[in-house]
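Below you'll find the structure, written out as structure tokens, and then a few comments.
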Amino acid sequence: MHLPFHLANHLDSALRAAAGRLGFGDRGFEPEVRVADPAHGDFQANGALAFAKREKQNPRAVAQQIVDQLDAETAATFDCSLAGPGFINFRLKPAALLAWLAQHDSEAHLREAAAGARRGQHWVVDYSSPNTAKQMHVGHLRSAVIGEALCRLLAFNGAHVIRDNHLGDWGTQFGKLIYGYKRWADPAALERDAIEELERLYKLGHNATPEGSPELDEARAELVKLQNGDPENVALWKKFSEVSLAAFQQIYDRLGIRFDHNLGESFYNDKVDRVYRELTETGLAEDSAGALVVFHDEHPRFSRHAERPNPFMVRKADGASGYASTDLATALYRTEHFQADGIVIVTDFRQSDHFEQLFLTVGKWFAAKNYRRPELHHVTFGAVTGEDGKALKTRDGGTIKLKALLDEAEVRAYAIVTAKNAERPEAERFTDAECRDIARAVGIGAVQYADLSQNRSSNYVFSWDKMLALDGNTAPYLLYAVARVRSIFRKAGLDPAQPPTAGATPPETPQELALARKLVQFADAVRAATQQLRPHFLCLYLFELAGAYSAFYAADKVIVDDPAVRARRLLLCHRTLIVLESGLHLLGLRTLERM
RNA sequence: GUCCCCGUAGCUCAGCUGGAUAGAGCAGCGGUUUUCUAAACCGCUGGUCGCGUGUUCGAGUCACGCCGGGGACGCCA
């Protein structure tokens with residue numbers, strides 16, 4: 001028996017074929033296959049209801065006819081039954097569960113099996129995108145963590161992913177920074193912590209150049225020199241970018257992030273003229289109060305007739321480019337240079353209007369010029385708040401630096417790990433180095449997972465105690481489940497890469513069956529998370545899988561004498577291990593051997 | 001004023017293109033270890049899905065209108 005990776009997909013095809021034999025296909029029958037409540041089955045098809053209603057037929061009779069037409073292989077794989085007004089329920093037979101598990105036997109094979117979904121597609125993911133010469137703070141966390149998970153999900157589905165860090169590396173602030181740098185730079189401080197020193201210099205520069213002062217004119221002159229290619233200022237600006245990227249990479253290393261490109265706003269300086277030209281010649285852009293703007297009259301928000309018109313500002317009245325023009329140039333570059341089939345931009349919800357206007361404009365512009373149009377997605381997320389519901393701040397009301405946040409995560413995890421370690425029998429205790437390593441994975445993983453496990457569109461309440469809890473939907477709980485699986489192999493002297501599963505019989509006990517069913521649904525979880533660009537679907541699945549494993553672990557002893565039982569339980573343990581690890585890796589977490 | 005997001009158990013949240021009796025975790029109460037990590041497992045308690053009207057065989061989910069919280073709205077990104 002050969003079973004495909006994505007069983008819901010397979011059922012969809014089988015049902016379409018069956019309906020086709022009845023002539024229902026031409027009349028718009030849609031199977032509507034989804035994962036079912038375990039009480040009803042593994043999958044359910046609801047399509048007979050809508051179809052029967054349209055055709056004025058009895059839905060149960062329609063469902064029965066379709067079931068009768070199913071091919072022999074599908075009928076041999078699933079127990080099919082009708083329920084309620086015309087639901088078709090499918091429950092995998094134990095032998096089919098075993099067959100699926102036997103085939104999907106490593107992280108590499110899971111990856112290979114999933115890669116069919118988006119093979120050959122190019123996806124550009126724009127995330128993190130901090131401003132150079134500034135520290136990354138809590139506000140940068142979600143974009144980085146969610147963006148990286150989306151990259152990994154898309155790649156797992158077979159896409160070629162281009163990770164692009166769209167740095168804020170251009171703008172008027174550099175005039176003030178250069179002004180401050182030239183007067184007050186402290187070489188020792190730059191050596192020690194470059195970004196902190198640049199922030200200090202910017203503040204000095206900013207405070208020394210009040211509105212209307214001659215100092216402000218000097219700062220503006222520095223900016224003009226930079227824009228005109230003055231070697232000294234360009235060298236300074238490049239230095240700012242370099243030290244910033246080096247500092248960012250220290251954060252990215254801890255979060256498992258590595259960009260393919262850092263094409264910041266400055267990269268598009270020489271590419272905006274084409275945007276002005278093409279938007280003007282296609283008649284999309286027009287002059288308004290000296291600025292070049294685009295209206296979208298069909299849209300109440302962006303129409304020129306709106307009470308408070310909100311045009312898309314392509315070029316400012318002073319002739320300078322704004323973020324609208326660089327974002328337009330960026331969309332074009334990604335389409336032409338990276339051959340993007342899809343572009344995902346991960347920023348917070350406050351920029352929704354901007355990206356809606358951007359996408360509307362790109363759509364019309366590309367259509368007018370006959371350019372290929374990639375899928376455009378603005379992946380938004382809510383704010384990170386403290387437990388009082390307000391923006392997360394330090395005790396004295398300051399901004400929390402991302403570095404400090406990650407440090408604290410590790411410190412808190414270390415305290416828990418060492419406390420647990422002291423309770424352990426002496427022979428099983430970890431060394432201090434091991435405790436620190438575990439604390440790193442658990443602490444950072446907890447921060448990542450807390451962010452990913454929640455639907456990204458709502459605000460997210462930051463709570464150390466909740467994310468570091470050992471029970472509930474948390475990173476420690478999942479990492480613990482992984483460690484418990486590995487522990488079985490270690491105690492039994494077995495190599496988890498080569499599990500002795502020959503002779504495994506189909507799952508039998510309720511806990512074995514529940515676990516096997518959950519494992520098979522990995523494909524659905526990955527698909528839902530990727531299609532909707534929402535990693536929390538995968539998190540929820542992994543939590544349920546870990547729960548099914550824990551129940552199995554408590555109920556059914558693995559290392560038993562009966563060779564068939566032992567082999568099938570080792571098979572379940574091993575497949576749980578590879579699915580949990582694959583899933584956690586997709587989320588950007590590092591998994592552990594022991595904890 | 002226009003538009004966007006959110007409102008589900010005491011708390012934090014799931015609920016996939018409308019589908020079966022609305023689910024978890026925490027907190028609370030009770031149980032489980034001579035057995036592979038008890039950082040675990042099992043059970044119980046807990047709901048007018050913000051309010052109302054409508055569409056539908058069927059609404060937490062869709063439409064419209066309110067209420068409450070957050071946000072955006074011409075040269076910042």
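A quick note: this is a predicted structure, and the numbers were derived from the prediction, not measured. Worth knowing before you read on, the calculation uses all heavy atoms, side chains too, and leaves out hydrogens, waters and symmetry mates.
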Tyr480(A) (side chain) and A39(B) (base): donor-acceptor pair under 3.5 Å: no
For C26(B) and G52(B), measure between their P atoms and round to the nearest Å. 33 Å
Categorize Pro476(A) for me: base, sugar-phosphate, or nothing, with a 4.0 angstrom heavy-atom threshold over every strand shown. nothing
Please classify the nucleic acid contact of Ala481(A) as base, sugar-phosphate, or nothing, using heavy-atom distances under 4.0 Å. nothing
Using the C1' atoms only, state how far C62(B) lies from U56(B), rounded to an integer number of Å. 10 Å
May I ask you to verify whether the side chain of Gln351(A) and the base of A72(B) hold a donor-acceptor pair under 3.5 Å? no
Please work out if Tyr553(A) contacts a base, only the sugar-phosphate, or nothing of the nucleic acid, heavy-atom cut-off 4.0 Å. base
Whole-angstrom distance between U45(B) and A38(B), as gauged at atom P: 28 Å
Using a heavy-atom cut-off of under 4.0 Å over every strand shown, decide if Ala383(A) touches base, sugar-phosphate, or nothing. nothing
Do the side-chain N or O atoms of Arg350(A) get closer than 4.0 angstrom to the phosphate oxygens (OP1, OP2) of C4(B)? no
Sugar-phosphate, base or nothing in reach of Arg594(A), heavy atoms under 4.0 Å: base
Indicate, with a heavy-atom threshold strictly under 4.0 Å, whether Asn455(A) touches base, sugar-phosphate, or nothing. sugar-phosphate
Hey, is Phe87(A) doing a stacking thing with A20(B), by the 5.5 Å centroid and 30° angle criteria? yes
Would you check if there is a donor-acceptor pair between the side chains of Asn157(A) and Thr530(A) at a distance under 3.5 Å? yes
Is there any protein nitrogen or oxygen under 3.5 Å from a nitrogen or oxygen in nucleotides 54-61 of chain B, and what are the pairs?
from	atom 1	to	atom 2	distance (Å)
U56(B)	O2'	Lys53(A)	NZ	3.4

For C16(B), take OP1 and OP2 only and decide whether either is under 4.0 Å from a side-chain N or O of Gln532(A). no
Should Arg566(A) and Asp562(A) count as an ion pair when the cut-off is N to O under 4.0 Å? no
Of all residues at least two apart in sequence or in a different chain, which pass the ring-ring contact (aromatic ring centres under 6.0 Å, His included) check with Phe51(A)? Phe24(A), Phe29(A)
What pair of heavy atoms forms the shortest contact from Asp169(A) to Ser241(A), and how long is it? CB-OG, 4.3 Å
Taking atom CZ of Arg54(A) as the centre, does the number of heavy atoms from other residues, nucleotides or ligands within less than 6.0 Å exceed 12? yes
Watson-Crick or G-U pairs under 3.5 Å in RNA chain B, rendered as dot-bracket with [ ] for crossing pairs and | for another strand: (((((((..((((.....[...)))).(((((.......))))).....(((((..]....))))))))))))....
Counting just side-chain N and O atoms, does His299(A) come under 4.0 Å of either OP1 or OP2 of U2(B)? no
For Asp524(A), answer base if it contacts any base atom (sugar-phosphate contacts may also be present), sugar-phosphate if it contacts only those atoms, and nothing otherwise; contact means non-hydrogen atoms under 4.0 Å. nothing
Side-chain ion pair, Asp451(A) and Arg142(A), N-O less than 4.0 Å: yes
I'd like to know whether His296(A) forms a side-chain hydrogen bond (donor to acceptor under 3.5 Å, both in side chains) with Thr361(A), so could you lay out the CA-CA distance, the side-chain angles of the two residues, the decisive distance to 0.1 Å, and finally the verdict. CA-CA 8 Å; His296(A) 297 284; Thr361(A) 307; 2.9 Å; yes
Expressed as a whole number of Å, how far does the P atom of U55(B) sit from that of A63(B)? 15 Å
Would you mind classifying the nucleic acid contact of Val461(A) as base, sugar-phosphate or nothing, using non-hydrogen atoms under 4.0 angstrom? sugar-phosphate
Any base atoms under 4.0 Å from Ser457(A), or only sugar-phosphate, or nothing? Heavy atoms, all strands. sugar-phosphate
Taking any heavy-atom pair under 4.0 Å as a contact, classify Asn89(A): base, sugar-phosphate, or nothing. base
What distance, rounded to whole Å, do you find between the two P atoms, one in C49(B) and one in G10(B)? 12 Å
So with a 6.0 Å cut-off around NZ of Lys134(A), is the heavy-atom count from everything else above 12? no
When you check the gap from the basic side-chain N to the acidic O, do Glu211(A) and Arg220(A) get nearer than 4.0 Å? yes
Counting only distance, no hydrogens or angles, is the base of A39(B) paired donor-acceptor with the side chain of Asn421(A) under 3.5 Å? no
Given the P atoms of A40(B) and C3(B), what is the spacing between them in whole Å? 49 Å
Is the shortest distance from a Lys or Arg side-chain nitrogen in Asp437(A) or Arg590(A) to a carboxylate oxygen in the other one below 4.0 Å? yes
Sugar-phosphate only, base, or nothing, as touched by His354(A) at under 4.0 Å among non-hydrogen atoms: nothing
In whole angstrom, give me the gap between the C1' atoms of C73(B) and C66(B). 23 Å
Classify the nucleic acid contact of Gln44(A) as base, sugar-phosphate or nothing, counting any heavy atom under 4.0 Å across all strands shown. base
Short side-chain donor-acceptor distance under 3.5 Å, Glu356(A) and His299(A): yes
Rounded distance in Å between the C1' positions of A59(B) and C64(B): 15 Å
